[in-house]
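Numbered from 1 within each chain, the chains take letters A, B, ... in sequence-line order.
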Protein chains: 2
Amino acid sequence: MNQGVETFERLRDEKKQRVLDAAASEFAEHGFHRASVNRMAAGLSIAKGSIFKYFGTKEGLFEYLFRHSVGLFKGPLRQAAQSSANQDLFERLRLSLATGARFIEEHPLIYRIYLKMLFQEDFPRRETHLSEIRLYSAKYLRPLVDQARARGELRPGLDPAMIVFFLDAVMDRFLQALSVPFMDAGAGLFRADRAEVAKKIGQCVDFLRQGLGR
Amino acid sequence: MNQGVETFERLRDEKKQRVLDAAASEFAEHGFHRASVNRMAAGLSIAKGSIFKYFGTKEGLFEYLFRHSVGLFKGPLRQAAQSSANQDLFERLRLSLATGARFIEEHPLIYRIYLKMLFQEDFPRRETHLSEIRLYSAKYLRPLVDQARARGELRPGLDPAMIVFFLDAVMDRFLQALSVPFMDAGAGLFRADRAEVAKKIGQCVDFLRQGLGR
DNA sequence: CGTAAAAGTGACCAGGTGGTCACTTCTAGC
DNA sequence: GCTAGAAGTGACCACCTGGTCACTTTTACG
């Protein structure tokens with residue numbers, strides 16, 4: 001392992017957290033290239049030399065933050081997927097939406113970075129990273145849909161590839177609407193509180209069930 | 001009107017077009033702040049002083065390009081909306097998707113700028129601009145849906161606000177998938193040719209009709 | 001031609017960037 | 001208290017940016 005990173009990881013937890021929070025905030029607000037290590041260091045009241053000691057380059061800092069964030073995100077998701085394996089498709093979708101909404105509530109800056117990465121090409125190793133974290137990718141949804149079809153939970157005659165595309169679009173957009181205005185088409189999702197979000201998830205899944213279920 | 005802009009508009013059409021193309025390319029690739037007027041000028045083999053003579057600031061250049069692009073985009077859309085006013089909801093959706101796909105095919109750089117603006121906050125007057133051009137906003141879709149309901153084209157019992165949210169999500173995503181990988185959930189939309197796109201639009205609208213129509 | 005106005009130029013400026021490294025300060029174990 | 005090594009520092013570097021403006025070149029017309 002890199003020597004600087006070892007130094008960083010030997011720091012007190014509180015300081016490590018402060019540094020990662022500052023980095024997340026800076027990247028979330030400015031993207032990769034416009035993010036300024038000078039500004040981060042000033043905000044943290046530490047010397048920028050320290051940050052370069054820890055991570056070597058700005059890219060190294062981003063990589064570290066990214067790996068750290070993936071860890072925060074994959075745990076709960078895997079758990080949700082396992083615990084609902086025997087339930088029907090729509091219940092599983094409900095749970096995964098709820099897990100996503102929870103993550104966004106707890107880590108709004110990380111989610112903003114993800115959204116920026118979608119259409120901003122200047123993040124390091126963007127394609128690799130994105131394909132690792134796209135939540136509702138075909139890879140994840142297709143097996144769910146196939147299983148639901150086998151169980152007869154879906155209306156016959158619908159093209160499964162279309163179902164996957166459709167679910168991907170709607171669920172991704174649902175989560176985007178929680179943290180970006182313009183996106184909710186008047187559905188009142190932007191910065192809704194937890195109870196409101198749970199209610200909207202219910203409505204959304206019911207709607208899907210009406211359109212896709214048998 | 002600004003004196004510099006008058007100078008620009010007096011130039012030969014071919015040169016104006018070259019300048020606007022170069023600006024679109026630069027903003028599409030780098031967003032607003034990372035876009036470099038130096039690079040533009042070098043690519044065009046003109047002095048950067050000229051660009052500042054025309055538009056005053058980088059922001060002025062962006063504004064000009066934006067206004068120009070809105071013009072390219074609103075004409076065909078209005079025409080499509082008028083010509084299909086008497087058709088049913090799904091046919092109208094099909095036509096507006098086709099119009100969007102056509103615009104993206106003809107002006108891919110402009111569309112890339114729009115996508116960057118969605119999640120990148122550093123564009124000048126971003127909120128104003130976005131609310132002007134969001135294609136499938138509630139403002140546009142809601143009347144279509146209400147009209148379709150009055151005509152009995154929709155399955156009873158579906159919440160119209162949800163219908164609007166869903167149509168917005170699916171259609172926006174459909175267009176995004178044409179110009180960004182990762183987005184098509186395996187549906188093969190990325191950089192599909194014109195015939196392929198027309199076919200996919202048909203499938204998508206048929207699918208919507210099955211789920212939402214009566 | 002001459003000339004006046006329009007168009008075009010590029011060296012220059014202040015300010016910000018990522019990154020470096022010789023140096024100082026802190027800390028833990030004796 | 002001493003000391004070795006870890007942690008922290010900030011002046012400095014080369015580079016790039018948006019923007020300026022005194023200057024040159026081109027154009028149009030009598």
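Going from atom CD of A:Glu59 over to atom C1' of C:dG18 covers 12 Å, rounded to whole Å. Spacing between atom CD of A:Glu6 and atom P of D:dG5 amounts to 17 Å, rounded to whole angstrom units. Atoms NZ (B:Lys53) and P (D:dT26) sit 16 Å apart, rounded to a whole Å. Per the geometry, CD belonging to B:Glu9 stands 12 Å off P belonging to C:dA7, to the nearest Å.
On a pure distance criterion of 3.5 Å, no polar donor-acceptor pair joins the side chain of B:Lys58 and the base of D:dT17.
OP1 or OP2 of D:dA7 has at least one side-chain nitrogen or oxygen of A:Arg10 nearer than 4.0 Å. Between B:Tyr54 and C:dG8 there is a side-chain N or O to OP1 or OP2 distance below 4.0 Å.
The six-membered or imidazole ring of A:His129 lies away from that of A:Phe123, with a centre-to-centre distance of 6.0 Å or more. In summary, the aromatic rings of B:Phe8 and B:Tyr64 are positioned with their centroids under 6.0 Å apart.
For B:Phe52, the listed nucleotide lying nearest its side chain is D:dT20; candidates were D:dT20, C:dA22, C:dA7. Candidate nucleotides C:dT9, D:dG10, C:dA7 were compared by shortest atom distance to the side chain of B:Ser50, and C:dT9 ranks first.
For B:Arg126 (side chain) and B:Gln120 (main-chain N/O), a donor-acceptor pair under 3.5 Å exists by modelled atom type. Remark: the backbone N or O of B:Gln176 is paired with a side-chain donor or acceptor of B:Tyr111 at under 3.5 angstrom.
Where B:Lys48 and B:Leu11 meet DNA chain C, the nucleotide closest to each residue was compared, and B:Leu11 sits on the side nearer the 5' end.
Checked for salt-bridge contact, A:Lys58 and A:Glu26 miss the test: no charged N lies under 4.0 Å from a carboxylate O.
Side-chain polar atoms of A:Gln17 and A:Asp21 form a donor-acceptor pair below 3.5 angstrom.
Within residues 12-46 of chain A, the residues having any heavy atom closer than 4.0 Å to DNA chain D are, in order of number, A:Lys15, A:Ile46.
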